[in-house]
Amino acid sequence: MLGSGSGREQMAVGYVDCHCHMTAEEFSQNGIQALISVTEHGGEFEKLIYLSDRYPDYIMPCFGIHPIQSNGDGQRSVTIKDLEPVLAQFDKYKDSLVAIGEIGLDFTPWLAPTSEQREEQMKVFQMQLEMAKRMDLPVNVHSRSAGRQTVSFLKEQGAEKVLLHNFAGRPSAAQEGVQAGYFFSFPPAVIRNEQRKKLIKMIPLENICLETDSPSLGPKKEDRNVPSNIRLSCEYIASVKGLMPERVREVTTLNALRLFPKVSCKLQK
């Protein structure tokens, strides 16, 4: 339940982009209070810390190893060997991190076709969930082609502070996540996806956050996405729910600050 009269409510005036990939400084955008930036592999960790040190009250860093990794031959399913070499960096920068992410499961058939690959994804996911618990941090979660499995696994692991980004699972899986107290965020690409409309209508606003997933998942598939497009997500959610965009912006920002308390603390400094 949202509190009233708190400092968090009074400062909740701008958007909070709960899931984006910041690798360039030109992403600074007006009207956005904070960018919660995730990583996909260890090679991005130091660069993100550099940007967050340069913009400490704006770029909020998360470390995570994504379930799908890229190499010279294209994309492949993650392995333990992708995570183990960078484990020490999570501890090194734990005071700077606002969440662990982007982590999760991706059971896209042509990327993780075997049960062995999926089991290893789950092991990598589990290790990062345990790290998040130890550091008392929320998790920023990917769940492509694995919505039901991801929600079930999160519950099995006792995860409580969860953002399911760009969730595209079945309504029954989303409902299970809502009952567990999880949050869901939707990028501007939802405006061209009718299936997501049903999910947005079903999920209570108190469980929704905004994201852009910049530079991907913009309103036009061929265009580079930017954080300022977050207003499109906001306006679309408002239209689906029959609310004013200002109300959606206010509630989703409060949700974000509740889910990511270290972001709230940084903004209050």
Side-chain angles (χ1 to χ4, degrees), residues 18-23 35-52 59-108 110-147 149-154 156-159 161-167 182 185 211 213-217 259-260 262:
C18 286
H19 185 103
C20 57
H21 299 257
M22 294 297 96
T23 55
L35 299 175
I36 298 173
S37 182
V38 299
T39 61
E40 296 186 347
H41 58 83
E44 296 177 316
F45 288 7
E46 295 281 354
K47 188 166 191 179
L48 181 54
I49 289 296
Y50 166 77
L51 287 174
S52 68
I59 295 180
M60 312 290 175
C62 312
F63 281 4
I65 302 298
H66 194 281
I68 300 299
Q69 297 290 300
S70 298
N71 55 27
D73 300 321
Q75 293 184 311
R76 58 170 177 81
S77 190
V78 72
T79 69
I80 300 292
K81 290 180 181 178
D82 294 308
L83 175 61
E84 284 180 336
V86 296
L87 285 173
Q89 288 188 276
F90 285 86
D91 281 306
K92 179 180 177 181
Y93 294 111
K94 65 182 179 183
D95 292 338
S96 299
L97 301 179
V98 302
I100 301 298
E102 180 175 357
I103 64 175
L105 301 175
D106 191 318
F107 291 169
T108 304
W110 56 90
L111 293 173
T114 69
S115 59
E116 290 79 12
Q117 288 172 317
R118 295 180 179 198
E119 284 168 15
E120 190 150 21
Q121 276 194 27
M122 291 170 83
K123 181 60 180 172
V124 172
F125 190 20
Q126 180 185 34
M127 289 172 69
Q128 293 182 96
L129 289 173
E130 288 171 355
M131 196 167 357
K133 257 191 227 176
R134 178 168 56 82
M135 296 180 178
D136 193 26
L137 291 174
V139 288
N140 209 318
V141 177
H142 175 101
S143 59
R144 185 169 56 184
S145 299
Q149 296 96 323
T150 302
V151 171
S152 295
F153 193 72
L154 285 163
E156 285 170 18
Q157 298 300 312
K161 296 176 288 186
V162 174
L163 177 73
L164 287 149
H165 112 88
N166 189 32
F167 188 79
Y182 299 163
S185 58
E211 67 156 286
D213 203 19
S214 301
S216 303
L217 299 183
L259 177 59
F260 300 101
K262 286 181 77 173

Q) Can you check side chain to side chain contact (heavy atoms under 4.5 Å, CB included) on Thr39 and Lys47, steps first, answer last? A) CA-CA 10 Å; Thr39 61; Lys47 188 166 191 179; over 6 Å; no
Beyond-backbone contact of [X] with [Y], side-chain heavy atoms, under 4.5 angstrom:
X	Y	answer
Val141	Phe167	no
Asp91	Met135	yes
Ile65	Val78	yes
Met127	Lys123	yes
Arg144	Leu111	yes

Q: Apply the side-chain contact (heavy atoms from CB on, under 4.5 Å) test between Ile36 and each candidate in Asn140, Leu259, Ile59, Leu163; give the one that qualifies.
A: Asn140
Q. Of Met122, Glu130, Gln128, which is the lone residue that meets side-chain contact (heavy atoms from CB on, under 4.5 Å) with Gln126?
A. Glu130
Backbone of [Y] reached by a side-chain donor or acceptor of [X] within 3.5 Å:
X	Y	answer
Gln121	Asp106	yes
Lys133	Gln157	yes
Glu40	Glu102	no

Q: Apply the test side chain to side chain contact (heavy atoms under 4.5 Å, CB included) to residues Leu129 and Phe153: give CA-CA distance (whole Å), side-chain angles for both, the deciding distance (0.1 Å), then the verdict.
A: CA-CA 10 Å; Leu129 289 173; Phe153 193 72; 4.0 Å; yes
Q) Does a side chain donor of either Ser77 or Gln117 reach within less than 3.5 Å of an acceptor in the other side chain? A) no
Q | Crowding at NZ, Lys94 (>12 non-hydrogen neighbours, <6.0 Å) | A | no
Q. Would Phe45 and Tyr93 count as a close aromatic pair, with their ring centres under 6.0 Å?
A. no
**Q.** side chain to side chain contact (heavy atoms under 4.5 Å, CB included) between Met60 and Lys262, intermediate numbers included
**A.** CA-CA 9 Å; Met60 312 290 175; Lys262 286 181 77 173; over 6 Å; no
Q. Looking only at heavy atoms, what is the nearest atom pair of Val98 and Phe260, with distance?
A. O-CD2, 3.9 Å
**Q.** Verdict with reasoning, Ile68 to Thr108, per side chain to side chain contact (heavy atoms under 4.5 Å, CB included)
**A.** CA-CA 10 Å; Ile68 300 299; Thr108 304; 6.0 Å; no
